[in-house]
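Worksheet for the structure shown next.
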Amino acid sequence: MRISQFLISTLKEVPADAEIISHQLMLRSGMIRKLASGLYTWLPLGLRVLQKIENIVRDEMNKAGALEILMPAVQPAELWQESGRWEQYGPELLRISDRHNREFCFGPTHEEIITNLIRHEVRSYKQLPVNFYQIQTKFRDEIRPRFGIMRAREFLMKDAYSFHLDQDSLQATYEVMYKTYTNIFNRLGLKFRAVIADSGNIGGNNSHEFHVLADSGEDTIAYSDTYAANVEMVPVLPPTEPRPQPTTDMTTVDTPNQHTIEELSQFLSISPSKCVKTLIVQGTESLVALVLRGDHTLNIVKAGKLSQVCSPVIFATTEQIKDVIGCGIGSLGPVGLKISVLVDNNVGNLADFVCGANQDGKHLTGVNWGRDLPEPQLVDIRNVEAGDVSPDGNGKLEIARGIEVGHIFQLGTKYSQAMQATVLNESGKNITMTMGCYGIGVSRLVAAAIEQNHDQRGIIWPTTIAPFTVALLPMNMHKSQRLRQVAEDIYAKLLAVGIEVLFDDRKERPGIMFADCELIGIPHRLVIGERGLDNGEVEYKGRLDEKAQTVPLENVIEFIQKVII
RNA sequence: CGGGGUGUAGCGCAGCCUGGUAGCGCACCACAAUGGGGUUGUGGUGGUCGGAAGUUCAAAUCUUCUCACCCCGACCA
């Protein structure tokens, strides 16, 4: 491609609303432009990357025996009503009506549509198992789209759905998909990790997420040598050591204006781990108090799974707390509470701890279970932390940030049952099909790849998804007929051997060419200059190389062919 | 949804408090010099100052309403 016939619109300055590096670089390199909140246009450069990723995904899915289809983005409400999700899904589902006032939605996912298709198309167990996928635009009306393409409202997703006679067959396909995803992310050149995951509102049981590792990731994952899971899923093993004996009496102390654990622990000169915090949430009947150690944090997903607690977790308002308990937030504690109190395992073995007195400006010290308040009802509601024992009992956990780019689920019969998707088995009996589903955030992968591969100068594309493989930069071509001829010759030869070249035939100064080339992140760079030509040489530099090297003019094509592998 | 903030040229911003001909840098166009790391000079193109209503002789500036976008949002108990 000649730049003169392409669109390279790079920016020197960072647009003010871009926070994370991938968003900044995608705007600066001219890959995307924003249309409205969470809606982006892909410019030619960005689209090339997106399509490369798409093609790798497609290739691996095909290899795994999945069949590509394409379903409508707009879906009739009836199918969602049939599965029950028209009510459940909430405001993230973009609902629209047509001219006859028939209700539709713009699909955030396609379980209903595929299940409807398969229940009509597949009648016999002999046709199973099947696995269909599509690469298609989804819309989810996020509360707060951010980070550019990373969390957009409209995005490109690969979604696959498999249908089976039984769980064993599903398990087999699930494992094939796990392996396929591993192959895909390896081919994309990304550092990633598969983790045990919560299945959220898609439904089903067994589930893994695939995370690209990056500090800017919105998810936290915990892992050891033999275990990896999304933090929201990780159980904390109960403490093994027994609770110490009380050594002091319970005392009420004045703690004016001490609201946070940090303030309180400094004010009383004690460790936050000796303080206890009490969070009030909506319960299924009345309010419920959740009690955690001061240095621990609440795991909302685990808390939401407790039978006494509303799911998803809703925190009580300041007014509710005032009404029911009679004090402001910042002075709450489990002693003498009239509502249900659920206590994290790690608080259960504290002695002589500090907590709010349920009176403004007062806290209690020297509090002990079984003496000052009843023995606690113990639950597991805190987030794991680095250094905690792995749930499989094998070593200690480490914590990392990740960007969720893939998610595989075993759905079971959630949709097939609701929508009566059955086949006849060998003995002529109707069997509800068992389903799996498998998603990859194709557009998100573009941003994730940049988060993991960039430097001060710009993007560093993994070779397999780079928009171009080689940049050809002639220095001051307009001034030298000889140089022009050599450049045109190399360009034609590289094209002839099937290499994607970006030929900078603009009348720009070298500095601009170098800067653009590095910002755009093209992995290999050839520079042609008068000086080199005098010696029959051109210059090569890989995007990650410290220094350039010279290559004899006659060997350039062979050299590039070797180096790009 | 709640809180905070921002809307002035494609991008980054100043001007607003104290009303009086709409500015700067980058980008873009032309010419010239320069020519291996975002060069320099000269001259240009481009804006209903987010929108509406109001106050005023006069509104980017003051008032009210409205829209869009950005950030934060319950571990503070």
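We name chains A, B, ... by the order of the sequence lines, and we start the count at 1 in each one.
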For [N], the Watson-Crick or wobble partner whose two distances fall under 3.5 Å:
N	value
B/G54	B/C62
B/C1	B/G73
B/G41	B/C31
B/U18	none
B/G10	B/C26

Same-atom distance ([atom1]) from [N] to [M], integer angstrom:
N	M	atom1	result
B/U56	B/G19	C1'	9 Å
B/G36	B/G46	C1'	34 Å
B/A68	B/A60	P	24 Å
B/C26	B/C62	C1'	33 Å
B/U34	B/A14	C1'	32 Å
B/G15	B/U6	P	12 Å
B/G73	B/C17	C1'	31 Å
B/G50	B/G7	C1'	6 Å

Who passes salt bridge (Lys or Arg N to Asp or Glu O under 4.0 Å) against [X], sequence neighbours left out?
X	value
A/Arg2	A/Glu488
A/Lys274	none
A/Asp360	A/Lys322

Name each donor-acceptor pair under 3.5 Å that joins a side chain in residues 528-540 of chain A to protein atoms two or more places apart or in another chain, with its distance.
residue  : atom : partner  : partner atom : Å
A/Glu530 : OE1  : A/Arg482 : NH2          : 2.6
A/Glu530 : OE2  : A/Ser480 : OG           : 2.4
A/Asp534 : OD1  : A/Arg482 : NH1          : 3.3
A/Asp534 : OD1  : A/Arg482 : NH2          : 2.7
A/Tyr540 : OH   : A/His524 : ND1          : 2.6

What does the list of N/O pairs under 3.5 Å between the protein and nucleotides 25-34 of chain B look like, with a distance for each?
residue : atom : partner  : partner atom : Å
B/G25   : N2   : A/Glu13  : OE1          : 2.8
B/U34   : O2   : A/Arg509 : NH1          : 2.4

Problem set entry | Cation-pi geometry met for A/Arg33 and A/Tyr40 (6.0 Å, 45°) | no
Categorize [X] for me: base, sugar-phosphate, or nothing, with a 4.0 angstrom heavy-atom threshold over every strand shown.
X	result
A/Thr260	sugar-phosphate
A/Ala289	nothing
A/Arg457	base
A/Val527	base
A/Arg506	nothing
A/Ala16	sugar-phosphate
A/Ile143	base
A/Asn476	base
A/Arg146	sugar-phosphate

Exercise. Would you say the side chain of A/Asp516 and the base of B/G38 hold a donor-acceptor pair, judged only by whether the two atoms sit under 3.5 Å apart?
Worked result: yes
Roughly, in whole Å, what's the span from [atom1] in [X] to [atom2] in [N]?
X	N	atom1	atom2	value
A/Glu142	B/C71	CD	P	13 Å
A/Ile280	B/C75	CD1	P	14 Å
A/Phe315	B/C75	CZ	P	6 Å
A/Leu11	B/G12	CG	P	8 Å
A/Ile3	B/G38	CD1	P	17 Å
A/Leu533	B/G35	CG	P	18 Å
A/Leu279	B/G73	CG	C1'	15 Å

Problem set entry | Set of side chain to side chain donor-acceptor pair (under 3.5 Å) partners for A/Gln308, sequence neighbours left out | none
At a heavy-atom distance below 4.0 Å, what parts of [range] sit against RNA chain B?
range	answer
residues 541-550 of chain A	none
residues 355-366 of chain A	none
residues 19-39 of chain A	A/Glu19, A/Arg28, A/Lys34, A/Ser37

For this session: Please tell me if the side chains of A/Ile522 and A/Arg543 come closer than 4.5 Å, counting only heavy atoms from C-beta onward.
Result: no
Problem set entry | Electrostatic pair A/Arg146-A/Glu19, nearest N-O below 4.0 angstrom | no
Exercise. If you measure from the Lys or Arg side-chain nitrogens to the Asp or Glu carboxylate oxygens, is any gap between A/Glu13 and A/Arg28 under 4.0 Å?
Worked result: no
Exercise. For A/Lys277 and A/Pro510, take the nucleotide of RNA chain B holding the closest heavy atom to each; which residue's nucleotide lies nearer the 5' end?
Worked result: A/Pro510
Would you tabulate the side-chain donor-acceptor contacts of residues 326-341 of chain A under 3.5 Å, counting partners in other chains and residues two or more places apart, or write 'none'?
residue  : atom : partner  : partner atom : Å
A/Ser331 : OG   : A/Gly361 : N            : 3.4

For this session: Check the pair A/Trp369, A/Phe353 against ring pair (Phe, Tyr, Trp, His ring centres under 6.0 Å), reporting the backbone distance first and the verdict last.
Result: CA-CA 9 Å; A/Trp369 298 110; A/Phe353 62 83; 5.3 Å; yes
Exercise. Quick one: which of B/G12, B/G36, B/C1 gets closest to the side chain of A/Glu539?
Worked result: B/G36
Exercise. Among B/C72, B/C75, B/C70, which nucleotide sits nearest the side chain of A/Arg144?
Worked result: B/C72
For this session: Mind checking side chain to side chain contact (heavy atoms under 4.5 Å, CB included) for A/Asn345 and listing every partner two or more places apart, or none if nothing turns up?
Result: A/Pro238, A/Pro239, A/Leu378, A/Asp380
Exercise. Sequence neighbours excluded, which residues qualify as side chain to side chain contact (heavy atoms under 4.5 Å, CB included) partners of A/Thr252?
Worked result: A/Lys362, A/Leu364
Exercise. Any luck finding a side-chain donor-acceptor pair between A/Ser97 and A/Glu103 under 3.5 Å?
Worked result: no
Exercise. For A/Val384 and A/Val234, which heavy atoms make the closest approach, and how far apart are they?
Worked result: CG1-CG1, 3.5 Å
Exercise. Would A/Asp516 and A/Arg506 satisfy salt bridge (charged side-chain N to carboxylate O under 4.0 Å, His left out), going step by step from the backbone distance to the final call?
Worked result: CA-CA 12 Å; A/Asp516 277 348; A/Arg506 295 176 295 181; 3.0 Å; yes
Exercise. What is the ring orientation for A/Phe503 with A/Tyr491, classed by angle as parallel under 30°, tilted 30 to 60°, or perpendicular over 60°?
Worked result: tilted
